[in-house]
Every structure is written in structure tokens, then in C-alpha cells.
Amino acid sequence: MEKPISKVECIGSSSFGMLKASIAPNHVLVVEPGAMASQDVGIECVIDVNGGILSAIMAKFFGKESFFISYYKNNSQAPQEIYFTQATP
């Protein structure tokens, strides 16, 4: 039996492009919050601090990372699609 694979594709122009991700069943996609533009109904979003409170604070101020992180999980039995874009053009 072949394992399901999640796929990511860049669509649109280089100025206003989007990422189209196909998430396999029971797979999780981890991204920074604020980038999601559209998603299928079978995807669950959970937002958490980036590695715990202290780690998130350190990453935010010293590593310029996001304080929060988003987890998108496909809870359905079929591949689901989700689209991401930049926060501002």
C-alpha cells in the first residue's frame, strides 16, 4: 500500500502568488498565523505558542520568529486543499 503524500504548489504571479497545499488524511501542516486565505471543510486549525511560552518569547525577540504558530490538520479520509498568501502585498 502506498503512503499518502502532502503536496505544495505555487500558483499566481510572483507579485501576488499563493501556495496551494494538498494535505493527505491525518497529516499536519505547520505555518505562521495570518497566512491562510482559504481551506476545505475537513481541515482543523489549532493555534499555539511557538514551542512553549519561554521559547516563543525568545524566538520572537531574538530570532524574529512568530510568537504563535498554526497547525492545520486534515481530519477527513480524503486529501484536503488549503491556500496561503502573504499578509500584505
What pair of heavy atoms forms the shortest contact from [X] to [Y], and how long is it?
{"X": "V31", "Y": "F84", "value": "CG2-CE2, 3.6 Å"}
{"X": "G17", "Y": "T85", "value": "O-OG1, 3.5 Å"}
{"X": "I47", "Y": "S70", "value": "CG1-OG, 3.8 Å"}

Do I69 and V28 share a hydrophobic cluster, counting only Ile, Leu, Val, Met, Phe, Trp and Tyr and linking them when any side-chain heavy atoms are less than 4.5 Å apart? yes

Between Y83 and Q39, does a side chain to side chain contact (heavy atoms under 4.5 Å, CB included) hold up when you go through it step by step? CA-CA 6 Å; Y83 292 84; Q39 72 181 43; over 6 Å; no

Would N26 and N74 satisfy side chain to side chain contact (heavy atoms under 4.5 Å, CB included), going step by step from the backbone distance to the final call? CA-CA 5 Å; N26 296 317; N74 180 357; over 6 Å; no

Is the number of heavy atoms from other residues, nucleotides or ligands within 6.0 Å of CD (Q77) greater than 12? no

Does the side chain of [X] reach to within under 4.5 Å of the side chain of [Y], using non-hydrogen atoms?
{"X": "M36", "Y": "I82", "answer": "yes"}
{"X": "F68", "Y": "D48", "answer": "no"}
{"X": "E81", "Y": "K20", "answer": "yes"}

Regarding E44 and N75, is there a side-chain donor-to-acceptor distance under 3.5 Å anywhere? yes

Rounded at 0.5 Å granularity, tell me how far OG in S22 sits from CD in E9. 10.0 Å

Approximate separation, where rounding is to 0.5 Å, of L29 CG and Q80 CD: 13.0 Å

